2 protein chains.
Amino acid sequence: MRPNKRDELVSKALNVFYRSGFHATGMDTLVKETGISKTSIYKHFRTKDDLIIAVLRLRDENFRSWLFSRMAALSDAPAGQLLAMFTALGEWFGKPEFAGCMFIKASAEFQNRAHPVYQQSTEHKQMLLEHFTGLAKAAGASDPAGLARQLLTLKEGAIVLAAMSVTPDPAGDARYTARMLLQPYLAGG
Amino acid sequence: MRPNKRDELVSKALNVFYRSGFHATGMDTLVKETGISKTSIYKHFRTKDDLIIAVLRLRDENFRSWLFSRMAALSDAPAGQLLAMFTALGEWFGKPEFAGCMFIKASAEFQNRAHPVYQQSTEHKQMLLEHFTGLAKAAGASDPAGLARQLLTLKEGAIVLAAMSVTPDPAGDARYTARMLLQPYLAGG
DNA sequence: CCTCAAGTGTACCGTTCGGTACATATTGGC
DNA sequence: GCCAATATGTACCGAACGGTACACTTGAGG
């Protein structure tokens, strides 16, 4: 059995970074929290930044596949899926491990636009946008790209308010607005 | 003349933290960028965190007064002011020094809910929410608090997308959605 | 059984971290 | 002109930073 120490490291590092932040988490902390020796870490990744990039790549895969499959599970129709996104978000916000969007936080800590961490963060949002645009097109929206951008805006806003504990039900509020946008395309409102 | 070194420090430190982040900015960097000696800094603030808190307090005052006065300048009617917020945001996004919302970034770096930086960040959003609620009430909205929450969601989402360079005109997109929400309360569309 | 890749623990590197000590300017009010 | 208050530069503290060196252990495959 080769449990692939590298994947184990990335997956465990993800949790630590997600909970404690990137700059605030030192390599020694990472060693202690993951139980993997520093020697091994640096055998797999040249620098801390490289590890962070691998972490974000994993997060991107995990989050997108979770969100999209959850949306698909909640509705068959494209417009219904878009609305269901906010139901899925509400489920996420309710989980005890919820701590905001990892990519918003990553881009907040690495603001330099030339930095790969920043770039990967915006690419993640870009990919969400494309998926939403596809669904909006399938739903017969008159301006699919525009509708997708508006829904993405609602999603990001809801995540921020949830992470900052500003309002009690950010997903519900966003869903309410989303319903207004989607009403023309929802079958049997 | 007593130019109040403390205020000068806080105002200059604000710019450095805003551009480079909190954890990523060391005290030595702060000394170099502000031109104020470390001895003086620690005569005014016991710890780095205390300085950050003062910075956020200043930012809160500056941003709120800027946004509210800009909204008021753009429209007399309450509903018009709420819509004008997104015009004001667009102006902000266009400024070269724009680098996202300082409070979103602060709460991303200080995730511990007991930490004063986190608390102050949510309080800032809370105060925005109250202002919006007041305007929504004045506009005659049927659910002022709900409308305020939805508009705040749009605002935060737009800021995130602007800071991450995901879409070309986040303020315009958010404004479009906001108009739908506000339409019943806007005089003469 | 031996090999060899992969992982470990520990000690260490130079640098930077947040923060302090202290002796020296600078400066407005009396 | 003198006194405080407030600034400064510099040297320093112990701890933590990202990263490396090296000798050692583990374990599956030929």
Side-chain angles (χ1 to χ4, degrees), chain A residues 1-57 105-106 108-112 114-118 120, chain B residues 1-57 105-106 108-112 114-118 120:
Chain A
M1 272 298 148
R2 293 265 237 73
N4 206 340
K5 213 83 179 171
R6 193 196 128 111
D7 292 354
E8 181 193 346
L9 164 62
V10 174
S11 142
K12 286 185 175 175
L14 193 155
N15 293 316
V16 182
F17 282 135
Y18 184 54
R19 270 183 283 125
S20 309
F22 298 97
H23 286 122
T25 302
M27 294 308 288
D28 292 311
T29 305
L30 226 44
V31 168
K32 187 174 293 181
E33 297 274 329
T34 63
I36 293 171
S37 69
K38 202 188 275 196
T39 317
S40 279
I41 296 180
Y42 278 96
K43 202 146 281 174
H44 286 298
F45 300 99
R46 278 175 46 260
T47 65
K48 183 189 182 183
D49 280 15
D50 281 7
L51 171 59
I52 293 176
I53 290 167
V55 162
L56 289 182
R57 223 183 301 272
K105 299 197 284 189
E109 290 205 46
F110 300 85
Q111 304 194 54
N112 181 354
H115 199 291
V117 166
Y118 177 91
Q120 204 168 328
Chain B
M1 273 295 147
R2 294 263 239 77
N4 205 340
K5 215 82 179 172
R6 192 197 129 113
D7 291 355
E8 183 193 346
L9 164 63
V10 174
S11 142
K12 287 185 175 175
L14 193 156
N15 293 316
V16 183
F17 282 136
Y18 184 54
R19 270 183 283 126
S20 309
F22 298 97
H23 286 122
T25 302
M27 295 308 288
D28 293 312
T29 304
L30 226 44
V31 168
K32 187 174 294 180
E33 298 273 330
T34 64
I36 293 170
S37 70
K38 202 188 275 195
T39 317
S40 279
I41 297 180
Y42 279 97
K43 204 145 281 177
H44 287 298
F45 299 98
R46 278 177 45 261
T47 64
K48 183 188 182 184
D49 280 15
D50 281 6
L51 172 58
I52 293 177
I53 290 167
V55 163
L56 289 181
R57 223 183 298 271
K105 299 197 283 188
E109 290 206 48
F110 300 84
Q111 303 194 52
N112 181 354
H115 198 290
V117 166
Y118 177 91
Q120 204 168 326

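Being a predicted model, the structure only gives us computed values, none of them experimental. Lettering follows sequence order; numbering is per chain, from 1.
- In this structure, the side chain of A:Ser40 does not engage the main chain of A:Ile36 through any donor-acceptor pair within 3.5 Å.
- We find that NZ of A:Lys48 is positioned 15 Å from P of C:dT16, with the value rounded to whole Å.
- Atom P of nucleotide D:dG18 and atom CD1 of A:Ile41 are separated by 11 Å, given to the nearest angstrom.
- Donor-acceptor pairing under 3.5 Å, judged by distance alone, is present between the side chain of A:Lys38 and the base of D:dG19.
- A cation-pi geometry, defined here as NZ or CZ lying under 6.0 Å from the six-membered ring centre and within 45° of its normal, does not hold between A:Lys12 and A:Phe17.
- For the side chain to side chain contact (heavy atoms under 4.5 Å, CB included) criterion with B:Glu33, the lone passing option out of B:Val16, B:Asn15, B:Asp28 is B:Val16.
- Contact of B:Thr47 with C:dG19 (side chain to base): no donor-acceptor pair of N or O atoms is detected under 3.5 Å.
- A straight line from CG of A:Leu30 to P of D:dG19 spans 12 Å, rounded to a whole angstrom.
- In this structure, NE2 of A:His23 is placed 9 Å from P of D:dG18, rounded to the nearest angstrom.
- Whole-Å rounding puts the B:Asp50 CG to C:dG18 P distance at 14 Å.
- Going from atom CG of B:Asp28 over to atom P of D:dC17 covers 17 Å, rounded to whole Å.
- Separating the NZ atom of A:Lys43 from the P atom of D:dC22 is a distance of 12 Å, rounded to the nearest angstrom.
- One can place CZ of B:Arg6 at 11 Å from P of D:dA7, the figure rounded to the nearest angstrom.
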